Amino acid sequence: MGIFDKNKFDSVKTDWSTHWDFFKPLNNEFNFTVDAAADAENCKVERYWDEQTDGLKQDWNNEIVWCNPPYGRNVPEWLKKGQEAAKNGGTSVFLIPARTNTIWFHKLCLAADEVRFVKGRPKFYNYANEDKEATHGLPVPLCLVIYKPNSNGCKIGTYDWRK
Ligand SMILES: C[S@@+](CC[C@H](N)C(=O)[O-])C[C@H]1O[C@@H](n2cnc3c(N)ncnc32)[C@H](O)[C@@H]1O
């Protein structure tokens, strides 16, 4: 068993869906053009990329990307995509585990425009089990990592979706 409780957040499972109450204030702020890691049921933006179209292979330049990627080994790869896109006009907002002791967190997240540590334990939807209620709180701290063009260094703050 990895860091996730198998009964709740299986590390193999990748389609935990962000709560609308958590997402909406961010969408009001950023006005996302695409959800980079989604499927037809859990997409947060009308335009989305799924496993088939592969968000990692798409052009993120000049997009405003929402990305809650699968929380596996590829998280740094997704972050790199956002970091590269910011050099070419792309903005991206990631919701990821705040694994602050990892090399990738220091290299990639602390080089972003902003990191917002998520207050509390937001609930997620579990569509795979036809669970339309958001009842599952991840047992790991989460953060938002934001890449923007022309960044002046990394701001650190809080995201409290309960306000
Ligand atoms: C943690 S869920 C996020 C769901 C949703 N976008 C949200 O924020 O609520 C990750 C989603 O990414 C999808 N996914 C996995 N690999 C992908 C890829 N290479 N490109 C696009 N989506 C992918 C999974 O099928 C899953 O639906």
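When a residue number appears, it is its place in the shown sequence, counting from 1. These figures come from a predicted structure and were not determined experimentally. All ligand and atom numbering here is 1-based and tracks the order in the structure.
With sequence neighbours excluded, the residues satisfying side chain to side chain contact (heavy atoms under 4.5 Å, CB included) with Ala38 are Asp35, Asn42, Cys43, Tyr48.
The distance from ligand 1 to the heavy atoms of Trp16 drops below 4.0 Å at these ligand atoms: 1 (C), 2 (S), 3 (C), 4 (C). Every atom of ligand 1 is numbered from 1 in the order shown, and the set under 4.0 Å from a heavy atom of Gly55 is 18 (C), 20 (N), 21 (C). Atoms of ligand 1 found under 4.0 Å from any heavy atom of Ser17 (numbered from 1 in listed order, with element): 9 (O). Applying the 4.0 Å criterion to heavy atoms of Asp35 picks out, from ligand 1, the atoms 5 (C), 6 (N). Interface of Lys44 with ligand 1, defined as ligand atoms under 4.0 Å from a residue heavy atom, comprises 7 (C), 8 (O), 9 (O). Within ligand 1, counting atoms from 1 as listed, the ones closer than 4.0 Å to a heavy atom of Pro69 are 1 (C).
Atom CG of residue Asp113 and atom SG of residue Cys154 lie 7.5 Å apart, to the nearest 0.5 angstrom.
In this structure, of Trp20, Trp78, Trp49, the residue bringing a heavy atom nearest to atom 18 (C) of ligand 1 is Trp78. Of the listed options Asn74, Ile96, Asp54, Asn68, Asp54 places a heavy atom closest to atom 19 (N) of ligand 1. With Lys57, Gln52, Glu51, Gln58 as candidates, the residue nearest to atom 16 (N) of ligand 1 on a non-hydrogen basis is Glu51.
Look at Cys67 and you'll find every heavy atom at least 4.0 Å from all atoms of ligand 1. Using a 4.0 angstrom heavy-atom cutoff, Tyr48 does not count as in contact with ligand 1.
The residue Cys43 has no part lying near ligand 1, judged by heavy-atom distances below 4.0 Å. Residue contacts with ligand 1, taken as heavy atom pairs separated by less than 4.0 Å, do not involve Tyr125 at all.
Contact detail for Ala36 and Trp60: the closest heavy-atom pair is CB-CZ2, 3.5 Å. Contact detail for Thr100 and His106: the closest heavy-atom pair is O-NE2, 2.8 Å.
In this structure, the ring of His19 has its center less than 6.0 angstrom from the ring center of Tyr125.
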Only pairs under 3.5 Å count here: list side-chain donor-acceptor contacts from residues 21-31, not counting sequence neighbours, and write none if there are none.
{"residue": "Asn27", "atom": "OD1", "partner": "Phe32", "partner atom": "N", "Å": "3.1"}
{"residue": "Glu29", "atom": "OE1", "partner": "Arg116", "partner atom": "NH1", "Å": "3.1"}
{"residue": "Glu29", "atom": "OE2", "partner": "Arg116", "partner atom": "NH2", "Å": "2.7"}

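Contact check for Trp104 versus Ile96: side-chain heavy atoms found under the 4.5 Å cut-off.
By the 3.5 Å distance cut-off applied to N or O atoms, Pro70 is not counted among the residues near ligand 1.
In this structure, a donor-acceptor pair under 3.5 Å is absent between the side chains of Ser92 and Lys81.
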Run the salt bridge (Lys or Arg N to Asp or Glu O under 4.0 Å) test on Lys87 and Glu84 for me, step by step, so that the C-alpha distance in whole Å, both residues' side-chain angles and the decisive distance to 0.1 Å come before the verdict.
CA-CA 5 Å; Lys87 294 176 190 161; Glu84 281 308 303; 2.8 Å; yes
